[in-house]
Structure formats: structure tokens, C-alpha cells
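In listed order, ligands and their atoms are each counted from 1. All of these numbers come straight from a predicted model, not from anything done at the bench.
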Amino acid sequence: MAIRVWDYRQEYENERADILDAVETVFNSGWLILGKSVEGFEREFAEYHGAGYCTTVDNGTNAIKLGLEALGVGPGDEVITVSNTAAPTVVAIDGARATPVFVDVREEDFLMDVSQVKDAITPRTKALLPVHLYGQCADMAPLRRLADEHGLKIIEDCAQAHGARHHGEVAGSMGDAAAFSFYPTKVLGAYGDGGAVVTSDPEVDHNMRQLRYYGMETVYYVVRTPGHNSRLDEVQAEILLRKLRRLDAYIEGRRAVARRYAEGLADVAGPGGLILPSVAPGNEHVYYVYVVRHPERDKIIEEMKKYDIELNISYPWPVHTMTGFEHLGYAKGSLPVTERLADEVFSLPMYPALSEDTQELIITSLRDVLSRL
Ligand SMILES: *Cc1c(COP(=O)(O)O)cnc(C)c1O
């Protein structure tokens with residue numbers, strides 16, 4: 001049987017009774033949209049982040065888009081982010097009709113190089129959008145200083161970093177707002193699509209609630225500023241509520257998988273060859289994906305297929321080189337670290353229910369492939 005880079009079926013088998021009970025509970029409740037489960041999940045998800053408010057939405061892309069709009073970002077505004085991210089980060093900025101501005105990432109940990117942000121700020125800059133990539137947080141203190149100095153908002157892209165910590169603070173509690181995705185592969189994943197924005201600013205949350213509900217002001221049901229239809233449904237909310245209570249256990253499971261990879265590959269890793277993930281100082285990584293680097297990445301992926309092991313690339317094309325973003329004017333070579341990483345990174349299978357036996361097979365196969373390069 002093929003080993004997939006991500007697979008939810010073992011987890012479903014372990015949790016089937018609870019998941020199906022969640023579905024039944026909602027179907028029996030007589031309320032399918034914006035009911036008790038959405039309310040309950042929003043309350044507990046806000047509490048998990050020590051934040052006052054959470055508004056759920058239909059996916060992570062819309063969480064970023066509506067989050068930007070709720071912070072007052074719109075046409076003509078610039079948002080500083082990275083190109084070394086999932087395309088939806090940038091699609092969401094475009095969706096808010098703002099202009100993405102890219103800085104490069106750091107060679108060691110692939111995260112936003114915050115030392116480049118200052119020079120990227122213009123009179124049109126409205127917000128900073130750090131991405132907590134692969135499961136660990138970008139460097140937040142210097143971003144906060146810059147934001148305060150220049151009157152900018154910060155929205156964290158937490159789609160890959162549920163429960164990650166940065167100098168003790170949980171991801172999603174450090175910006176003016178934070179956007180989450182509950183796409184099934186994520187650290188907290190639904191059985192379908194989902195997203196949320198967490199904030200401690202009541203006005204931002206008020207805006208979010210209107211934006212996800214056509215722009216309707218919920219007391220009189222009138223639209224002053226047209227919004228969107230971007231709601232999380234009750235079934236996904238109830239499943240997420242139950243899974244949220246296991247989030248810390250999922251994270252422990254991911255860390256155990258990461259530890260076994262590190263132990264099993266330490267002696268074949270090194271400069272110029274296989275490079276294992278490194279954790280930035282102050283970070284507690286949640287390993288959404290386990291991303292390694294090798295100059296002969298494509299060959300390794302091909303060879304591993306012979307062992308029936310699927311590897312993945314996050315991400316093979318830097319966003320600024322995609323045709324859809326050519327108009328932004330970033331030439332090839334303008335973000336050298338991002339472009340180099342795109343040629344070398346790949347990810348090993350990662351999910352909490354990955355068994356030790358399967359992982360052993362992945363490690364020995366990869367060692368085999370590396371020894372024959
Ligand atoms: C998954 C992801 C998104 C988008 O989330 P969806 O729920 O798929 O819309 C945005 N940003 C990052 C970094 C992601 O990994």
C-alpha cells in the first residue's frame with residue numbers, strides 16, 4: 001500500500017464514534033448554519049488563544065481576506081508579506097483589493113526576514129502579514145516595533161501554526177488579528193473546509209461578523225457596506241470543537257514524528273546534502289509539515305516513488321514567479337533565498353497518526369536512496 005504524505009484515515013478510525021456523533025448531534029439539532037456549534041467553537045478557540053474574540057469563516061483564504069478588510073485594508077493599500085508561502089496568502093491580499101509587497105526569507109528557517117521589512121514600507125503600507133510557515137512563528141517583536149512606529153496593522157497567517165508558541169506566546173495572539181485555516185491537512189483540520197479570525201479588538205470582530213454575513217448589520221439586517229457570504233457550517237464547527245480539545249495531543253504526536261525523523265536521519269544529514277528543519281530561538285514548532293532540503297530533491301522524490309512513498313513540495317513555485325502575480329513586477333532573482341528554496345525543499349510524510357513502523361520504512365528507504373545518489 002502506498003504511503004501518502006498525509007492521510008486522515010487512521011485518525012478517522014481512531015475517532016470515528018466521536019466524529020459521527022458530532023455529525024448526528026448537528027443533524028438532530030434543527031439548526032445547520034450559525035448555531036450553537038459555531039458559537040461554542042468560536043468561544044473555545046478564542047479562549048485557547050487568550051483572545052477576546054473569534055469569528056469563523058468558510059476557509060483560511062477568506063479568513064485572511066476578511067481579516068484584512070476588517071482591519072481596514074482596501075484598494076490602494078500595500079501589505080508586506082513573503083513570497084515563500086502557500087499561494088492563498090497572496091490570493092487573499094489580492095482578494096481584499098490590496099497590493100502584496102514581498103520580502104525574502106531567512107536561509108536557516110525559511111521564515112520572513114524581518115530585517116528587510118523596514119525598507120519595504122512606503123506611505124501606502126497598511127499592514128504586515130507574517131506567515132508562521134510549516135509550524136513555527138516568524139520573528140514578531142521587530143514587526144511589532146515597526147508596526148507601532150509606522151501605524152501599521154499586523155495580521156498573522158496562522159494556517160500552518162495552530163498551537164505553535166513563540167517566546168511562550170501562542171501563534172495568533174501576537175498580531176492585531178490572526179487568520180486560521182481548518183483545511184483537512186492542517187494541524188487542526190476539519191472534515192471539509194473551514195477558517196477563523198481571532199482578535200482581541202472588539203471592533204475588528206464586529207467587522208468580521210458583518211463581512212462574513214453579506215455585510216449585514218445583524219440588529220436591523222441592513223447592508224451598509226456590501227460584504228461576503230463566508231460562513232462555517234455547524235457540522236464542521238462541531239467536529240472542530242471536539243478536535244480542538246485534542247489539539248495539544250495532535251501536536252505532541254507531530255513532535256514525536258519529527259523527533260523520530262531527526263534521530264533516524266541525523267547521521268546522513270549535513271551541509272551540501274540533506275538538511276533537516278531547524279527551529280528558531282524561542283519557537284516551539286508544531287510540524288504542520290516536515291520540510292527538508294537537498295540539492296538533488298527531484299531525483300530523491302522520483303526514487304522514493306519506487307518504494308511507494310509519496311513526498312511533497314511546499315512550495316515548488318515562489319508566488320512572485322507565478323503568472324498570476326507577474327504584474328507585481330518581481331523579476332526572477334529578486335528574492336534569491338525564496339527561489340533557491342523552491343528548488344531544494346521537499347516534505348516527508350507527517351501526521352500524528354503516522355505509525356512508528358511506517359515511519360521506520362520511510363527512514364530506511366530514504367537512507368537507501370541517499371546512499372545511492
Ligand atoms: C492552507 C493555507 C492557507 C489557505 O487556507 P484554505 O483553508 O485552504 O483557504 C493560507 N495560508 C497558508 C500559509 C496556508 O498553509
A.B. asks: Any link between M208 and L71 through a network of hydrophobic side chains (Ile, Leu, Val, Met, Phe, Trp, Tyr) touching at under 4.5 Å?
C.D. replies: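 No, separate clusters.
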
A.B. asks: Does any part of the side chain of L311, heavy atoms only, come nearer than 4.5 Å to the side chain of L348, both counted from C-beta?
C.D. replies: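 A side-chain contact under 4.5 Å exists here.
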
A.B. asks: Would you say Y134 and Y290 make side-chain contact, with heavy atoms under 4.5 Å?
C.D. replies: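 No, side chains not in contact.
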
A.B. asks: Which residue owns the protein heavy atom closest to atom 3 (C) of ligand 1, what's the atom, and how far is it?
C.D. replies: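 Result for atom 3 (C) of ligand 1: P88 CG, 3.6 Å.
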
A.B. asks: Do V187 and R254 have side-chain heavy atoms sitting under 4.5 Å apart?
C.D. replies: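 In short, these two side chains touch, coming nearer than 4.5 Å.
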
A.B. asks: What about I239 and L32, same hydrophobic cluster or not, with Ile/Leu/Val/Met/Phe/Trp/Tyr joined at side-chain heavy-atom distances under 4.5 Å?
C.D. replies: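 Yes, I239 and L32 fall within the same hydrophobic cluster.
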
A.B. asks: For the residue pair H320 and Y330, categorise the inter-ring angle as parallel (less than 30°), tilted (30 to 60°) or perpendicular (more than 60°).
C.D. replies: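 The rings of H320 and Y330 stand perpendicular, inter-plane angle above 60°.
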
A.B. asks: Under 3.5 Å between any N/O of G60 and any N/O of ligand 1: does that happen in this structure?
C.D. replies: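 In this structure, G60 places an N or O atom under 3.5 Å from an N or O of ligand 1.
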
A.B. asks: Classify the contact between T85 and ligand 1 as side chain, backbone, both or neither, using a heavy-atom distance cut-off of under 4.0 Å.
C.D. replies: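 The answer is the side chain.
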
A.B. asks: For atom 12 (C) of ligand 1, grab the closest protein heavy atom and report residue, atom and distance to one decimal in Å.
C.D. replies: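 For atom 12 (C) of ligand 1, the nearest protein heavy atom comes out as A159 CB, 3.4 Å.
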
A.B. asks: Should one rank K186, Q160, H132 by closest heavy-atom distance to atom 2 (C) of ligand 1, which comes out on top?
C.D. replies: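 The residue whose heavy atom sits nearest atom 2 (C) of ligand 1 is K186.
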
A.B. asks: Taking 4.0 angstrom as the limit and counting only heavy atoms of S181, give me the atoms of ligand 1 inside it, by number and element.
C.D. replies: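 In order of numbering, the contacting atoms are 5 (O), 6 (P), 7 (O).
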
A.B. asks: So, do E169 and M140 sit near enough that their side-chain heavy atoms are less than 4.5 Å apart?
C.D. replies: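 A side-chain contact under 4.5 Å is absent here.
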
A.B. asks: Is the shortest N/O to N/O distance between Y288 and ligand 1 below 3.5 Å?
C.D. replies: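 Y288 vs ligand 1: no N/O contact under 3.5 Å.
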
A.B. asks: Suppose I only count heavy atoms of T61 and a 4.0 Å limit; which atoms of ligand 1 are within that range?
C.D. replies: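 Those of ligand 1 that fall under 4.0 Å from T61 are 4 (C), 5 (O), 6 (P), 9 (O).
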
A.B. asks: Return the residue, atom name and 0.1 Å-rounded distance of the protein heavy atom closest to atom 13 (C) of ligand 1.
C.D. replies: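 For atom 13 (C) of ligand 1, the nearest protein heavy atom is D157 OD2, 3.3 Å.
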
